[in-house]
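A quick write-up on the structure given underneath.
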Amino acid sequence: MDLKITNTLLREKQVFTPIDPSNVRVYVCGPTVYDYAHVGNARPAVVFDVLIRVLRDLYGAEHVTHVANITDIDDKIMTRAKERGVAIEALTHETTEIYNADMAAIGVNRPDVQPRATGHVGQMIALAERLIERGHAYAADGHVLFNVPSMTDYGQLSRRDRDEMIAGARVDVAPYKRDPADFVLWKPSADDQPGWDSPWGRGRPGWHIECSAMAAEHLGEVFDIHGGGLDLIFPHHENEIAQTRCAFGHATMANYWMHNGFVTVEGEKMSKSLGNFYTVHDMLQEWPGEAVRLLLLSAHYRQPLDFSKAGLKEAKTQLDKLYGALHRAANDGHYPDWNLDRNDNPVLAALCDDLNTPLAIGALHQVARELNIALDHHRSRQIPELMGKLLVWGELLGLLQGDTDAWFKGEAGDDVEEIEALIAARIEARKDKNFAEADRIRDDLKARGIELEDGAGGTTWKRAG
RNA sequence: GGCCCCGUGGCAGAGUGGUUAUGCAGAGGACUGCAAAUCCUUGUACAUCGGUUCGAUUCCGGUCGGGGCCUCCA
């Protein structure tokens, strides 16, 4: 099956053709680690996690290399470390750990390589030197700057030309710049700022250079897909392209550029001043990670997505339904059949059409309905295949991989024995037609957040919420 | 000013030149001791005005409305 993706470079949907099918190479811009990841950081992580799952399905798990960086040198990090009175390394290390734990909780697989900017300063310096040698950069006043006019076709990704950029510039042009559009590859550090020795004195890298250096180091000078948030198109990705192409002399840096849309919170743009930042960490206190993930996948990745409590609730409800079908089937003693027809996979088909996750989720719902119907009518022969479809297809989206019992009952608590004793007592009461007592037990449990369901195969329970 | 995106039924959200998205919520029904869960049924949806067309929500243009980016924010 062909994978089609919207390539920002051309602004159109294209069939994806890898440079080397035995090693499909993807780079995704990762977080700057100075604070808890918010739901806006989580969207690209989840979206590109799905892309990687699809690529692994199409080309083989071992034939895909996924690189996502950690930006651990940045002025915001320096500021935050100073505010908190902690060492920069301690801050970035701690934040990285939290980021990885939060992403794991929402079903994001770790990238094959998670390079840190501070581990690649040597490569960045080498890249800057190379750009100077080739006449695309110059040193001035302790800085090294990329000279934008030296690249004749600068601006292809963001479709803006140099003059427009200058006309719209919101900042004052630094005096050491030869051209107002020039951007920093390297800048000097004061004594109290982190810095590395370089041919231009002690300093630190500019923002864009790290991704050029790390992508080249781990994926080569030209690779397949580069992803990130819409906001990175300009200047970040435009400048990455400029650096990499001018340094290595290729017509492209990555053949396909993919960008996810923005996340709003409760209908409003997230902002510090509105105080409406939803961190993944906070969401996980109240909701299953899988609900966060489903919500993030419930809109097409290029569309804006509103992340709301109501949306989380619906995502949770949807998962209850999907897991419910699997749970029923398992409780009825059925096991999934893993031997599915690879040519009949609407979830993969939907995802191959530019990662149409909403359509894919719809397909999952259809399977769940079919499974419930099969269970209702005791069509045992169909059940294993339907279970297999939910599980195998769900895995492409990173959904439904959890234990169904755990989904409904939570982590085994010490009240389980008591709950089951009460249920047994209720079953006895029902046998005696003592419905008043049976209902009392059910109501008591309900008050404790335990809901009972009397099915054909007996009474099951789950924790509400 | 430049570049770009969006406007679908109560809500979320796909898609399509002529036939059902899907989910949530609501209504009715089946099942149930009653519930819950599940299943079935149920909604004259495509901002507006023109144009192209046998036919447009889908293509083109205008208008209105909303949003993003324009040097370090995913």
Side-chain angles (χ1 to χ4, degrees), chain A residues 8 11 28-32 37-48 71 74-76 148 155 158-161 163-171 173-174 177 180-184 187 206-208 227-236 238-239 259-264 269-272 294-295 298-300 302-306 308 310-311 313-318 320-322 324-325 327-328 350 353 356-366 368-369 371-373 375-377 430 433-436 438-439 442-443 446 451-456 459-462 464:
Chain A
T8 307
R11 311 280 150 110
V28 181
C29 285
T32 301
H38 54 68
V39 293
N41 297 310
R43 170 125 97 148
V46 168
V47 162
F48 291 106
T71 297
D74 173 272
D75 287 3
K76 286 192 296 296
V148 169
S158 57
R159 304 213 168 168
R160 62 189 77 212
D161 65 39
D163 295 338
E164 286 168 0
M165 276 168 37
I166 295 161
R170 295 186 300 198
V171 294
V173 176
K177 286 189 180 181
D182 292 354
F183 58 90
V184 170
K187 56 189 169 189
W207 179 32
H208 319 299
L230 202 64
D231 55 325
L232 295 181
I233 293 174
F234 190 87
H236 185 53
E238 195 69 80
N239 291 347
H259 294 94
N260 63 273
F262 257 66
V263 176
T264 55
K269 182 178 168 152
M270 280 194 292
S271 77
K272 300 254 156 142
L294 180 59
L295 176 53
S298 66
H300 183 89
R302 283 186 295 109
Q303 296 303 123
L305 178 109
D306 186 44
S308 65
K313 188 160 188 263
E314 190 185 327
K316 169 68 167 57
T317 303
Q318 287 197 37
D320 282 342
K321 186 166 192 162
L322 296 171
H327 196 227
R328 276 182 76 189
D353 186 12
N356 192 336
T357 53
L359 190 61
I361 292 163
L364 243 31
H365 280 288
Q366 259 173 295
R369 185 160 42 85
L371 178 53
N372 278 318
I373 292 169
L375 287 160
D376 284 347
H377 298 284
R430 290 182 71 209
K433 305 275 186 210
N434 186 354
F435 296 120
D439 290 350
R442 185 170 63 194
D443 290 346
K446 169 109 183 169
E451 290 177 354
L452 301 189
E453 292 169 10
D454 299 327
T459 298
T460 56
W461 64 276
K462 65 180 184 186

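Below, read A as the first sequence line, B as the second, and so on, with proteins coming before strands; counting in each chain starts at 1.
- For B:C60 and B:U52, the P atoms lie 16 Å apart once the distance is rounded to whole Å.
- Nucleotide B:G1 forms a Watson-Crick or G-U wobble pair with B:C70, both donor-acceptor distances falling under 3.5 Å.
- The nucleotide whose nearest atom lies closest to any side-chain atom of A:Phe435 is, among B:G33, B:G68, B:C4, B:G33.
- To the nearest 0.5 Å, atoms OG1 (A:Thr317) and CG (A:Leu294) are separated by 10.5 Å.
- The CG atom of A:Leu295 lies 14.0 Å from the NZ atom of A:Lys313; values are rounded to the nearest 0.5 Å.
- An OP1 or OP2 oxygen of B:C11 is reached within less than 4.0 angstrom by no side-chain nitrogen or oxygen of A:Lys313.
- Counting distance only, with no hydrogens placed and no angle test, the side-chain atoms of A:Arg430 and the base atoms of B:G33 include a donor-acceptor pair under 3.5 Å.
- To the nearest angstrom, P of B:A12 lies 17 Å from NE2 of A:His365.
- Residues forming a ring-ring contact (aromatic ring centres under 6.0 Å, His included) with A:Trp461 (at least two apart in sequence, or on another chain): none.
- We find that A:Arg430 and A:Asp454 are joined by a salt bridge, their nearest charged nitrogen and carboxylate oxygen being less than 4.0 Å apart.
- Between the side chain of A:Asn41 and the base of B:C73, no donor-acceptor pair of N or O atoms lies under 3.5 Å.
- For A:Asp439 and B:G33, a side-chain-to-base donor-acceptor distance below 3.5 Å is present, hydrogens and geometry of angles not being considered.
- Distance noted for atom C1' between B:A56 and B:C72: 45 Å (whole Å).
- Atom CG in A:Leu359 sits about 12 Å away from atom C1' in B:U16, given to the nearest Å.
- The base of B:C4 is not paired with the side chain of A:Arg159 by any donor and acceptor separated by under 3.5 Å.
- Of the candidate nucleotides B:A14, B:U71, B:C24, B:C24 has the atom nearest to the side chain of A:Thr317.
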Where protein sits on nucleotides 38-43 of chain B, one letter per nucleotide: B base, S sugar-phosphate only, - none, heavy atoms under 4.0 Å: SSS---
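- For A:Lys446 and A:Asp443, the salt-bridge test fails: no basic side-chain N is under 4.0 Å from an acidic carboxylate O.
- Here the closest non-hydrogen pair linking A:Ala299 and A:Pro358 is C-CG, 3.7 Å.
- Between A:Gly455 and A:Arg11, it is A:Arg11 whose nearest contact on RNA chain B lies nearer the 5' terminus.
- Counting only heavy atoms from C-beta on, A:Glu453 has its side chain closest to B:A36 among B:C69, B:C72, B:A36.
- With distances taken from any side-chain atom of A:Arg442 to the nucleotides B:C69, B:A14, B:C34, the minimum falls on B:C34.
- Taking atom P on both nucleotides, B:U8 is separated from B:C3 by 26 Å, rounded to a whole Å.
- Figure legend. B:G10 is base-paired to B:C24; pairs are counted as Watson-Crick or G-U wobble with both atom distances under 3.5 Å.
- Remark: B:C39 base-pairs with B:G29; criterion is Watson-Crick or G-U wobble with both hydrogen-bond distances under 3.5 Å.
- Between the CZ atom in A:Arg159 and the CD1 atom in A:Ile233 there is a gap of 10.5 Å [rounded to 0.5 Å].
- Here B:A30 presents its P atom at 22 Å from CG of A:Leu375, a figure rounded to the nearest Å.
- Regarding contacts with the backbone of B:C72, every side-chain N or O of A:Lys76 stays at 4.0 angstrom or more from both OP1 and OP2.
- Here, B:C46 and B:G7 have their C1' atoms 10 Å apart, quoted to the whole Å.
- Nucleotides B:U48 and B:G65, compared at atom P, are 15 Å apart to the nearest Å.
- Distance from the side chain of A:Asp74 is smallest for B:C73 among the nucleotides B:A74, B:C73, B:C24.
- Residue A:Ser158 is in sugar-phosphate contact alone, with no base atom involved, counting any heavy-atom pair closer than 4.0 Å across all strands shown.
- Residue-level contact check: A:Gln303 touches the backbone only, with heavy atoms under 4.0 Å from sugar-phosphate atoms and none from bases.
- When both pairing distances are held under 3.5 Å, B:A45 makes no Watson-Crick or G-U pair with any nucleotide shown.
- For the pair A:Asp75 CG and B:C73 C1', the computed distance is 14 Å after rounding to whole Å.
- A:Thr71 OG1 to A:Lys76 NZ: the interatomic distance, rounded to the nearest 0.5 Å, is 8.5 Å.
- Mapping A:His208 and A:Gly30 onto RNA chain B by nearest heavy atom places A:His208 at the nucleotide closer to the 5' end.
- The line from CZ of A:Phe262 to CG of A:Leu230 is 7.0 Å long, rounded to the nearest 0.5 Å.
- As a whole-Å value, the separation of A:Ile233 CD1 from B:G2 C1' is 15 Å.
- Across B:U22, B:C4, B:A14, the shortest atom-to-atom separation from the side chain of A:Asn356 is found for B:A14.
- Rounding to the nearest 0.5 Å gives a distance of 13.5 Å between CG of A:Leu371 and CD of A:Gln366.
- For a distance-only test at 3.5 Å, the side chain of A:Gln318 fails to qualify as a donor-acceptor partner of the base of B:G23.
- Remark: the separation of the P atoms in B:C59 and B:U42 is 29 Å, to the nearest Å.
- When the C1' atom of B:C6 is taken as reference, atom NE2 of A:His300 falls 13 Å away, rounded to whole Å.
- A:Gly40 comes within 4.0 angstrom of a base, heavy atoms only.
- Remark: the separation of the C1' atoms in B:A21 and B:U58 is 15 Å, to the nearest Å.
- Rounded to whole Å, the P atom of B:U71 lies 37 Å from the corresponding atom of B:C11.
- With sequence neighbours excluded, the residues satisfying side-chain contact (heavy atoms from CB on, under 4.5 Å) with A:Lys187 are A:Asp75, A:His143, A:Val184, A:Arg204.
- Taking atom CG of A:Asp306 as the reference point, atom C1' of B:G7 lies 15 Å away to the nearest angstrom.
- Atom CG of A:Leu364 is separated from atom P of B:A21 by 20 Å (rounded to the nearest Å).
- In this entry B:U52 has no Watson-Crick or G-U wobble partner, no candidate having both defining distances under 3.5 Å.
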